[in-house]
**Q** 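Could you have a look at this structure, given as structure tokens, before my questions?
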Amino acid sequence: MVSEGEFILKNPVWCPGCGHYAVLTALRRAVVKANLKPEEIVLVTGIGCSSRFTDFFRSYGFHGVHGRALPAAIGIKMANPRLKVIVASGDGDTYAIGMSHFIHAARRNIGITHIVMNNQVYGLTKGQYSPTSVRGFISSTSPKGNLEKPIDGVLLALSAGATYIARGFSGNLDQLIRLIEGGLRHKGYALIDVLSPCVTFNKLNTYEWFKRNILDIEQINHNPSNRLEAFKMILTSSKILIGLIYQSTEETFEDLMMSSIGGVPIDANISLGENNYENLIKEITSI
Amino acid sequence: MVSEGEFILKNPVWCPGCGHYAVLTALRRAVVKANLKPEEIVLVTGIGCSSRFTDFFRSYGFHGVHGRALPAAIGIKMANPRLKVIVASGDGDTYAIGMSHFIHAARRNIGITHIVMNNQVYGLTKGQYSPTSVRGFISSTSPKGNLEKPIDGVLLALSAGATYIARGFSGNLDQLIRLIEGGLRHKGYALIDVLSPCVTFNKLNTYEWFKRNILDIEQINHNPSNRLEAFKMILTSSKILIGLIYQSTEETFEDLMMSSIGGVPIDANISLGENNYENLIKEITSI
Amino acid sequence: MFFQLYRRQYNFSLDRKVYSLGILTFLTMGLDLFITIGGRAGDGSFLIGDILAKVFRFIGYDVLTYRDFPSNIRGLPTYYSVRASDKPIYAVKDFIDYLVTFELEAVEYFKRSYSENTVIIYDNSIKDIKDLDVKNYGVPFKRMSISSLGSELFKNTIALGVLTYILGIDEKHVLNILMETFMKMRKDILDKNIKAYRIGREYAIGNIEGREVAIKTIGRGGRLLLNGNEAIALGAIIAGCRFYAGYPITPATEIMELLIMHMPKYQGIAVQAEDEIAAINMIIGASYAGLRAMTATSGPGFSLMTESLSLAGMIEVPIVIVYVQRVGPSTGIATKMEQADTLQALFSGHGEFPRIVLTPGTVEEAFYMTTEAFNLAERIQCPVIVLIDQFIAQNRETVNTLDLSRVRIERGKLITSEVIGDYRRYEITDDGISPRTIPPVKGGIYLANSNEHDEKGYTAENPWIREAMVNKRLRKLEVAKKTLKELFPYKIYGYKDARIAFIGYGSVHGVILEVIERLNSKEPKAKYLQLMYLWPFPSEEINEFIHNTDKIYVIEHNAQGQVSELVKWTTGVGISKILKYDGRAFRPIDVLRVVENG
Amino acid sequence: MFFQLYRRQYNFSLDRKVYSLGILTFLTMGLDLFITIGGRAGDGSFLIGDILAKVFRFIGYDVLTYRDFPSNIRGLPTYYSVRASDKPIYAVKDFIDYLVTFELEAVEYFKRSYSENTVIIYDNSIKDIKDLDVKNYGVPFKRMSISSLGSELFKNTIALGVLTYILGIDEKHVLNILMETFMKMRKDILDKNIKAYRIGREYAIGNIEGREVAIKTIGRGGRLLLNGNEAIALGAIIAGCRFYAGYPITPATEIMELLIMHMPKYQGIAVQAEDEIAAINMIIGASYAGLRAMTATSGPGFSLMTESLSLAGMIEVPIVIVYVQRVGPSTGIATKMEQADTLQALFSGHGEFPRIVLTPGTVEEAFYMTTEAFNLAERIQCPVIVLIDQFIAQNRETVNTLDLSRVRIERGKLITSEVIGDYRRYEITDDGISPRTIPPVKGGIYLANSNEHDEKGYTAENPWIREAMVNKRLRKLEVAKKTLKELFPYKIYGYKDARIAFIGYGSVHGVILEVIERLNSKEPKAKYLQLMYLWPFPSEEINEFIHNTDKIYVIEHNAQGQVSELVKWTTGVGISKILKYDGRAFRPIDVLRVVENG
Ligand SMILES: Cc1ncc(C[n+]2csc(CCOP(=O)(O)OP(=O)(O)O)c2C)c(N)n1
Ligand SMILES: Cc1ncc(C[n+]2csc(CCOP(=O)(O)OP(=O)(O)O)c2C)c(N)n1
Ligand code: SF4
Ligand code: SF4
Ligand SMILES: [Mg+2]
Ligand SMILES: [Mg+2]
């Protein structure tokens, strides 16, 4: 079995106390638990403090552009579904500029483990409010308080048809490892929205604040396979729910695709024989 | 009072039988009922058969680019909230390329009446499946049937925090007029998702199909001001709900903004006096 | 309205006068017909245009089609032209020989395209056009269709009957193609169309004063009738492309539709993304994972893709982008041709990175160049743009049998088995190209990083690394330059020593070919350089070509003369621009007039 | 490591030798100091850099700052340099006079920037550096901070005490600025910083062998210390911009932050959008509705905006886009300078439409040109791009009091009251500019249409209308050309008859100014043309300028020489490129070396 050390590339350079440290640790432990090897994993990130993951986690890596980690990851997964494709991104990356791809990845149920480090702020650009910032949040672009109603990534994922939806907290490492491992083992799109405090630019949603404002759904009576129930829990809870909120079994996009083409694209023989060639020309020219 | 005729620019050139005709008629009648004048209205569209509205409806018009009608409309509304800003778009325009703007407009509760002509297909580009096409739908880009799970714009709007959510049907003109009028009178973002059959490229979701598969929520016991109830109705109904699904009263983005700046931008005096100038320089340079 | 029509006809008479001054001779040699069918979008006139083209191909003629249609599904005017000849065809013809139209406004629309040989066959179901000074027949197509077949839907096939009678084409060939076309549909549709065809033919026998021509079967077979989109889809599959992602956009959508239909048979995937930004990122991902990957789009979509074009440049992932230009700016006219995005294809995307821009000038070239695009992308590890426009993309022409043996697959520096030792994906090499691995190659782990990075791909902001990496990436352009010269040695047409020089690329290729052929039938002689790629810009070749010329014309379908300016730039000499930007194809005469007036 | 350090120092000694050959004289005249502070991101070294800059400004010196910092929030090396002089300053200085650093790696990082006058003051809390052949002091900043103030946080202010003692700056000025800076914070923070400052000063009195210099107050006041982002935000508000939409992106974010803070007081709105595509569409909407509207972004964001840039061109809506370049391609290095997006600024966006690209070369010019950008946008009814880069955007310099009377507001052909008669928004006019209304002007209804359209804005695909509309839009470029010539008459510096010519724009402006000043102290003389705008491209001015020169240098912060190529293009003569693309600013000596070596 591989050890955690094999997934260490270099030491992260986040601010001391940043929530992202715990997420990195959790991911390293979860891949070990899920029995994955560094070269079988492609870690895909966007841009943000959270997306610096690819500089610290040892595996194949793809550090693309802001908001577009998911479509790049989909391309990788479709090309070779045997790879374990993980996306690590931020709340700005995912729910602002990347919102559309997020909804579409969820509805497609593509086999990607998606960790969103949700610190309710834009860290890397130095502290602007994000789509998950609460009303009234003070930031460099909301000096008198944010006027926009925050979105809830978990609720949106549920509405869009995602099949594994969890929320973790950087202050709760054991559960976080478990939730990520669950996502890695899940067939289909898995969202793990992680409350990961930005100690530098978010002075409101701190570790202490979260400790007071979260409720672990796993501690109460909740059946994660009931979708309506999951909606109700989210809509009626006065606290932020953490834990596994919803999971169901549905065919994945890659399975449907692969069965429609009868194989895996990366295995395809890319040179056509004469026969195929003649057929293809006949078909394409038969307008 | 203005008459319907004042809103007629030219005759539409949609395919005979296209659902969009009814939507155009409904909008013309709804603006008359809502007592609006052509020059007070800005109709904003994206690109698609549906978006050709601006060539047929007489008012100020803005026919922008594919998927971006909402942000353009937001700019117009913020500049001058006294204008009545209406967006007319398609399911591709709104729920594919425009998905992110849709979610963000909904959560901001910006005062725009948004009519989505949802024909579950891309009309103008000649019949590809759209994000609302049902699984198995046959189209030029899904010759063996669509593999993706459709999204439900109404459910997403509800999850994103929209405050007026209705669904109309081109085959039910009277209700459609009422729903649009309601949207025009609503304060905040109003979504009217209209089942508007594409007779040329969608041979599945036809008028007859809809007549069999819709349920008018206004005919049953439903309280549109209860959000949880609205979720439940959508999630448990085996039919497609039409009618007013949800409405609530919340402050609009433009009201919050205008009260934070103490006026309407279009009324601002754009030349600064000496005094203001000195203050401004002092403030900006006090790093 | 008819008065106005008449007045404007006076203009076209003038046109004709200019025309008949000296160029006519060329057109009278052999068979060379230009037939236009006018209808409304959605009324099926395209279908009979296609049938006509197939009939001509079948009986052995070269065919080129040209569609002028609206960005609307139904109801607006639409035109389908077919040129057929026993000699090679390069462009549309100057003037229409036969205009068959169901709508009266077509008669005015084409007023500048009539010659003394033009024959108009129009639908007089509603009224006759008086005072037409062009030979014409009024035929009640709609009325006949309704009275005999209960619907006006069959007017097209009736017209086909009339037209092919007039052209003297053997009935059996037309019936043949009619059957082939309608066989896939319901039986009663086939029957009704055959009936309609016969009605038209019989009407013509009874009412038209003798045949105009008698077109013989010349029995040259084996050629394909293809448009650029089809050729590119075909080329992609044959080149081993096994991943496509795109978003519908006229006039590129057909490439996606064809690939979604056919790619699965070769174990490849073609997906419709939620937008163009997703599409390009998907193909970048698929290419990173080892597949040959492609997207196709038009101006609005390409603009959206440029952020990620720059990403592909930075992480050195091979991708192919087919860029089918249409009329801009913005939405413009989605269904019409233009070459006004050329500078955008060359210069968009932030920062500096190598790219290759190929510009096929015919459907056949579009096929072969697409196959090479994949080799170039993988050999140079950079984005390759295949730049065409709506004209090549959507108009079919006869193409010689495509030669599979000319198609090679060269994947460049690609490592697919375990790497021993210290692997550096972005190793600084002499030619700037570094061996790449694809996951899950053991020992081949690296980071594809949009940030500036070190040789392993990890973020580095140090000035020395930065400089070295920029140099490494840009060195690849030199390799590209050399490779392109070998692959696409410059094609020069006409008289080598001519002092009149033409330069062109893409959809003007055909028209220039015809222009120089016509010019070279007398003095002074002309020559023509076809630019097969625009980036890296072929400055040396152009400079060599223009050596010892008196006059240089650069011909483009845009308003600013985008490549004209680049040619000026690299040669430092004066050039004349011949430009057209109304969305319609150059006719040879449009160019000849400019040349002849100096 | 230290061996290596020593070895590399040998290189910089070589550097110094080249340097001392002839240019030194310039630097010895008057006071001209270049001080660099080295720390780690987030450790507050920027704060004392700012304080130092303010102190110099306060006592009457010209100041220019230069920050070299990572794209990371905390922990990576970061450098803040301050140049102060009693003469005008244009650029960074060739060599560092004082390096104050808390991190030992800075000593190596700057090895090429030491002269024989350099003094290094480094933190020796952990160890001393041996074998440094540059004058140096080891001071235990961290240790003192921890032992006296319980945390290493105050090491910066201690260093400020040491440094300002060595520089002989009157204590009261430093305390003054310290108070101003920390007053906004908690009382105990102010107290601790004052204590730290005193600790540093006293340490220096006791341990440093005498003062190096004694800087006098020269009492020139009234000037502002501003960076380009601040100047642009200020300019926008003063020009009447009342709508801003943007998305955070380094190095442009501060413009949004400033406008969100200050615009509301002037009844304007500044919003953070969900992405750049939303941002540009919002400003297009706001402008359509009658407001002066702006966005600001960098390369990745601009690439995303280009689809809608083309929209603004098509519907003729005035908008201003501030384009702050950073190192590319792709994410590149977000916090470093480059001018490699110039071609993208000029040529991106599909289709052909007029645009204007302004290129201020100083913070002061950024202010005035921003105010004119709004006039140009409304007068020509097209997008105007203000193109700068990270250097001008994020580095502060002293600026003369801005003159409000130089700022005019000209809104062009704008109709705000009822229109009687047949209103045609896109009327074909001689200059191509048509009067526009804003809703709800009665009688002024029209369609802003991304499709090609007729004079009222309604969709039209007809070839005649198409051609007329293209011509109309492009005619506006001619107006732009004339207007720009009037507004920004070309600035030529140096000797009018010199035969050595320099051409530059944007952030190389300052360095060229210093270079020609230094060159012109001897023979041969040089002159310099500053390009204040790049589109419409000022070909005539360039051609006039290069007339009768022997050697033309174009200087740019990019690897391909983007404007160099355009200059070649329009002049047809050979030019020499001087390029730098490692993300750091040219020093005058970098340019001079190239010039002196031919
Ligand atoms: C197209 C584009 N726009 C903007 C940016 C600038 N940018 C980089 S990271 C970021 C947001 C980061 O916030 P988030 O995703 O929440 O991550 P965090 O830093 O908080 O972990 C932005 C706006 C960019 N790189 N690209
Ligand atoms: C950026 C961009 N991509 C693609 C297109 C092509 N396009 C035009 S309309 C359309 C979809 C139309 O579908 P929908 O919004 O559902 O409207 P409908 O025609 O069905 O009413 C597409 C993909 C475009 N104009 N711009
Ligand atoms: S700025 Fe915030 S998110 Fe970024 S590293 Fe620091 S604490 Fe973490
Ligand atoms: S194609 Fe469909 S959506 Fe478009 S006009 Fe025709 S019926 Fe309507
Ligand atoms: Mg964040
Ligand atoms: Mg649709």
Side-chain angles (χ1 to χ4, degrees), chain C residues 70-71 76 277 298-304 306-307 309-311 313-315 325 327-333 335-336 338 340-341 343-344 346-353 449-452 459 461 463-464 466-467 470-471 474 558-560 562 565-566 568-570 572-573 581-584, chain D residues 70-71 76 277 298-300 302-304 306-307 309-311 313-315 325 327-336 338 340-341 343-344 346-353 449-452 459 461 463-464 466-467 470-471 474 558-560 562 565-566 568-570 572-573 581-584:
Chain C
S71 314
L76 296 183
I277 301 176
S298 187
F302 188 86
S303 289
L304 288 172
T306 56
E307 189 204 4
L309 180 73
S310 178
L311 168 66
M314 183 59 143
I315 62 179
Q325 298 172 86
V327 166
S330 201
T331 311
I333 312 179
T335 54
K336 305 254 183 286
E338 193 165 74
D341 299 357
L343 293 176
Q344 146 122 325
L346 307 187
F347 298 124
S348 63
H350 53 290
E352 296 170 299
F353 54 91
N449 190 347
S450 71
N451 286 334
E452 190 54 279
T459 302
E461 304 196 339
W464 302 284
R466 162 69 186 168
E467 211 178 300
V470 173
N471 292 340
L474 294 182
N558 60 47
Q560 298 184 309
Q562 304 194 348
E565 294 293 330
L566 296 180
K568 260 209 307 201
W569 171 14
T570 48
V573 305
Y581 44 93
D582 63 357
R584 277 72 180 174
Chain D
S71 314
L76 296 183
I277 301 177
S298 188
F302 188 87
S303 290
L304 288 172
T306 56
E307 189 204 4
L309 180 73
S310 177
L311 168 66
M314 183 59 143
I315 63 179
Q325 297 171 86
V327 166
S330 202
T331 312
I333 312 180
T335 55
K336 305 255 184 284
E338 194 164 75
D341 300 358
L343 293 176
Q344 145 123 326
L346 306 187
F347 298 124
S348 63
H350 53 290
E352 295 170 300
F353 54 92
N449 190 347
S450 72
N451 286 334
E452 190 56 279
T459 303
E461 303 195 341
W464 302 284
R466 162 70 186 166
E467 210 178 301
V470 173
N471 292 339
L474 294 182
N558 60 47
Q560 296 183 309
Q562 303 194 348
E565 293 292 330
L566 296 180
K568 260 210 304 203
W569 171 13
T570 50
V573 304
Y581 44 94
D582 64 357
R584 277 72 178 173

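All chains are named by letter (A, B, ...) in the order of the sequence lines, taking the proteins before the strands, and each is independently numbered beginning at 1.
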**Q** Taking D:Lys336, D:Glu307, D:Gln325 one by one, which has the highest count of heavy-atom pairs under 4.5 Å against chain C?
**A** D:Glu307
**Q** Counting only heavy atoms closer than 4.5 Å, note whether D:Leu474 contacts chain C via side chain, backbone, both or neither.
**A** side chain
**Q** Please determine, among D:Ala334, D:Ala340, D:Gly572, D:Ser298, the option with the most heavy-atom pairs under 4.5 Å with chain C.
**A** D:Ala340
**Q** For D:Glu565, which atoms come within 4.5 Å of any heavy atom of chain C: side chain, backbone, both, or neither?
**A**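 Looking at D:Glu565, backbone and side chain both touch chain C.
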**Q** How many angstroms lie between atom CD of D:Glu352 and atom CG of C:Leu343, to the nearest 0.5 angstrom?
**A** 8.0 Å
**Q** When rounded to the nearest 0.5 angstrom, what is the spacing between OG1 in C:Thr570 and CH2 in D:Trp569?
**A**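 CH2 of D:Trp569 is found 10.5 Å from OG1 of C:Thr570.
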**Q** Counting only non-hydrogen atoms closer than 4.5 Å, does D:Phe302 touch chain C with its backbone (N, CA, C, O), its side chain (CB onward), both, or neither?
**A** neither
**Q** Quick check for you: among D:Ser348, D:Gly349, D:Gly313, D:Gly328, which has the greatest number of heavy-atom pairs under 4.5 Å with chain C?
**A** D:Gly349
**Q** Treating C:Thr331 as the side-chain partner and D:Asn451 as the backbone partner, does any N or O pair qualify as donor plus acceptor under 3.5 Å?
**A**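 Answer holds: no.
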**Q** Distance check, rounded to the nearest 0.5 Å: C:His350 atom NE2 versus D:Leu304 atom CG?
**A**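 The CG atom of D:Leu304 is 8.5 Å from NE2 of C:His350, to the nearest 0.5 Å.
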**Q** Looking at C:Glu452 and D:Ile333, what are the two nearest heavy atoms and their distance?
**A** CB-CG1, 3.7 Å
**Q** Passes side chain to side chain contact (heavy atoms under 4.5 Å, CB included), C:Gln344 versus D:Phe347? Steps please.
**A** CA-CA 6 Å; C:Gln344 146 122 325; D:Phe347 298 124; over 6 Å; no
**Q** Mind checking salt bridge (charged side-chain N to carboxylate O under 4.0 Å, His left out) for C:Arg584 and listing every partner two or more places apart, or none if nothing turns up?
**A**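 Testing C:Arg584 for salt bridge (charged side-chain N to carboxylate O under 4.0 Å, His left out), a comparison that skips the adjacent residues, returns C:Asp68.
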**Q** Checking heavy atoms, do the side chain of D:Ile277, its backbone, both or neither come under 4.5 Å from chain C?
**A**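 Just its side chain gets close to chain C.
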**Q** Hey, which of C:Pro300, C:Gly583, C:Ala559, C:Gly301 has the most heavy atom pairs under 4.5 Å with chain D?
**A** C:Pro300
**Q** Can you say whether D:Glu338 sits under 4.5 Å from chain C via the side chain, the backbone, both, or neither, judging by heavy atoms?
**A** side chain
**Q** Count the heavy-atom pairs under 4.5 Å between each of D:Ser303, D:Pro70, D:Gly351, D:Gly299 and chain C, then report the option with the highest count.
**A** D:Ser303
**Q** Write down the atom of C:Val327, the atom of D:Arg466, and the distance for their closest heavy-atom approach.
**A** CG1-CZ, 3.2 Å
**Q** Would you name the heavy atoms of C:Met314 and D:Pro329 that are closest together and state the gap between them?
**A**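 Scanning both residues completely, I find the closest heavy atoms to be CE-O, 3.5 Å.
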